[in-house]
Colleague: 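Take a look at this one; I'll ask things after.
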Amino acid sequence: MSDCIFCKIIAGQLPSKKIYEDDEILAFLDINPVTPVHFLVIPKKHIKSLMDLSAEDSALVGRLMFKAQELAKQQGCEEKGGRFIINAKSDGGQTVDHLHIHFLGGIALGASLLQTCLHTGKRE
Ligand code: AMP
Ligand code: ZN
């Protein structure tokens, strides 16, 4: 997709701090980190969101999840873990319409993000 910033990162047209790349997957540091460790794992295939998968994408999504946890360990979060987040579409707060898994780590998050959802969302 020509106007997708993550496709531009994949194509090398925009800079990124890559932490992993193979034929199907790219992982890079979030430009606006909200925790000491904050990276994104994306498929090279342009898929708009987790809710725009086709059946043939299921193995790719499995690989994305596996790579995300592997990278979280490599980034020093093996012992204490962190939070894996996938925002989907407008109510999910997705701002970049190219499927991505966030990993947030390096700080104890507790239930803070869930509390944010409770304050701003519809679950209160
Ligand atoms: P989301 O709200 O789930 O769509 O998250 C999009 C994420 O992409 C945000 O955390 C942004 O900080 C991040 N982001 C946007 N542009 C870039 C970029 N050029 N390089 C790295 N991360 C980016
Ligand atoms: Zn894209």
Side-chain angles (χ1 to χ4, degrees):
M1 253 212 174
S2 57
D3 59 348
C4 171
I5 57 173
F6 287 178
C7 282
K8 285 183 178 165
I9 286 174
I10 291 163
Q13 294 163 2
L14 280 177
S16 69
K17 292 184 178 164
K18 291 179 192 176
I19 59 171
Y20 178 79
E21 181 168 20
D22 66 25
D23 288 350
E24 292 186 314
I25 293 174
L26 182 67
F28 52 97
L29 302 184
D30 197 290
I31 202 168
N32 184 24
V34 297
T35 51
V37 180
H38 184 180
F39 63 81
L40 305 172
V41 186
I42 68 173
K44 288 191 169 175
K45 176 182 178 184
H46 180 85
I47 299 170
K48 278 199 288 188
S49 81
L50 192 68
M51 298 178 79
D52 293 286
L53 296 178
S54 46
E56 68 186 20
D57 297 323
S58 58
L60 174 59
V61 172
R63 283 206 65 224
L64 286 174
M65 288 304 298
F66 188 82
K67 185 51 68 179
Q69 63 83 34
E70 209 170 52
L71 291 169
K73 292 173 184 168
Q74 282 175 19
Q75 297 283 313
C77 299
E78 178 159 13
E79 187 191 341
K80 294 191 171 176
R83 186 163 292 154
F84 299 85
I85 296 173
I86 301 176
N87 296 324
K89 298 191 166 185
S90 54
D91 273 3
Q94 185 174 3
T95 60
V96 178
D97 290 333
H98 182 128
L99 172 62
H100 50 282
I101 302 171
H102 292 256
F103 176 77
L104 307 179
I107 192 170
L109 290 166
S112 57
L113 287 187
L114 182 57
Q115 283 161 359
T116 302
C117 294
L118 290 171
H119 287 301
T120 59
K122 298 172 182 162
R123 295 180 53 189
E124 196 157 26

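These values consider heavy atoms only, across backbone and side chains, with no hydrogens, waters or symmetry-generated copies.
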Colleague: Rounded at 0.5 Å granularity, tell me how far CD1 in I5 sits from CD1 in I31.
Modeller: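 The CD1 atom of I5 sits 8.0 Å away from the CD1 atom of I31.
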Colleague: Taking all non-hydrogen atoms of both residues, which atom of S49 and which atom of D52 are closest, and how far apart?
Modeller: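 Heavy atoms of S49 and D52 come nearest at OG-OD2, 2.7 Å.
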Colleague: Quick check for you: to the nearest 0.5 Å, what is the distance between D3 atom CG and K8 atom NZ?
Modeller: 7.0 Å
Colleague: Side chains of V61 and I47: does their closest heavy-atom pair fall under 4.5 Å?
Modeller: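 Sidechains of I47 and V61: no contact.
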Colleague: Do I86 and I42 sit in one hydrophobic cluster, given that two such residues count as connected whenever their side-chain heavy atoms are within less than 4.5 Å of each other, even indirectly?
Modeller: no
Colleague: Out of curiosity, L40 CG to S16 OG, how far, rounded to the nearest 0.5 Å?
Modeller: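 Those atoms lie 10.0 Å apart.
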Colleague: With the 4.5 Å side-chain cut-off for hydrophobic clustering, are Y20 and F39 part of the same group?
Modeller: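 Yes, it is one cluster - the side chains of Y20 and F39 are joined through contacts under 4.5 Å.
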Colleague: Show the nearest heavy-atom pair for residues C77 and G106, with the distance to one decimal.
Modeller: SG-N, 3.8 Å
Colleague: Are K44 and E21 side-chain neighbours, meaning at least one heavy-atom pair lies under 4.5 Å?
Modeller: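 The answer is yes, as the side chains (C-beta and beyond) meet within the 4.5 Å cut-off.
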Colleague: Do I101 and F103 come close enough that some side-chain heavy atom pair is under 4.5 Å?
Modeller: no
Colleague: Given the rule in the side-chain contact (heavy atoms from CB on, under 4.5 Å) test, do D57 and L99 qualify, once you have shown the distances and angles that lead to the verdict?
Modeller: CA-CA 12 Å; D57 297 323; L99 172 62; over 6 Å; no
Colleague: Measure the CD1-CZ distance between I25 and F66 for me, rounded to the nearest 0.5 Å.
Modeller: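 Answer rounded to 0.5 Å: 10.5 Å.
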Colleague: Supply the atom-to-atom distance N87 CG to H102 NE2, rounded to the nearest 0.5 angstrom.
Modeller: 5.0 Å
Colleague: In terms of side-chain geometry, is the basic nitrogen of K67 or E70 positioned less than 4.0 Å from the acidic oxygen of its partner?
Modeller: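 So K67 pairs with E70 through a salt bridge.
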Colleague: Do V37 and L109 share a hydrophobic cluster (ILVMFWY, side-chain heavy atoms under 4.5 Å, transitive)?
Modeller: no
Colleague: Keeping the roles fixed (side chain from H98, backbone from P43), state whether a donor-acceptor pair exists under 3.5 Å.
Modeller: yes
Colleague: Can you give me the closest heavy-atom contact between V41 and A27, atom names plus distance?
Modeller: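 Closest approach of V41 to A27: CG2-CB, 4.1 Å.
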Colleague: Answer yes or no: is there an ion pair linking E56 with K45, defined by an N-O contact shorter than 4.0 Å?
Modeller: yes
Colleague: Stepwise, does the side-chain contact (heavy atoms from CB on, under 4.5 Å) test hold for Q74 with I19?
Modeller: CA-CA 10 Å; Q74 282 175 19; I19 59 171; over 6 Å; no
Colleague: Please say yes or no: joined through hydrophobic side-chain contacts below 4.5 Å, possibly via intermediate residues, are L26 and L29 part of one cluster?
Modeller: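 No, L26 and L29 fall in different hydrophobic clusters.
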Colleague: May I have the step-by-step check of side-chain contact (heavy atoms from CB on, under 4.5 Å) for K89 and K48, ending in yes or no?
Modeller: CA-CA 9 Å; K89 298 191 166 185; K48 278 199 288 188; over 6 Å; no
Colleague: Please determine whether residues F84 and L104 belong to a single hydrophobic cluster, defined as Ile, Leu, Val, Met, Phe, Trp and Tyr linked transitively by side-chain heavy-atom distances below 4.5 Å.
Modeller: no
Colleague: Distance check, rounded to the nearest 0.5 Å: H38 atom NE2 versus I85 atom CD1?
Modeller: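 Reported value, rounded in 0.5 Å steps: 7.0 Å.
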Colleague: Show your working on side-chain contact (heavy atoms from CB on, under 4.5 Å) between I9 and F28 and close with a plain yes or no.
Modeller: CA-CA 9 Å; I9 286 174; F28 52 97; 3.9 Å; yes
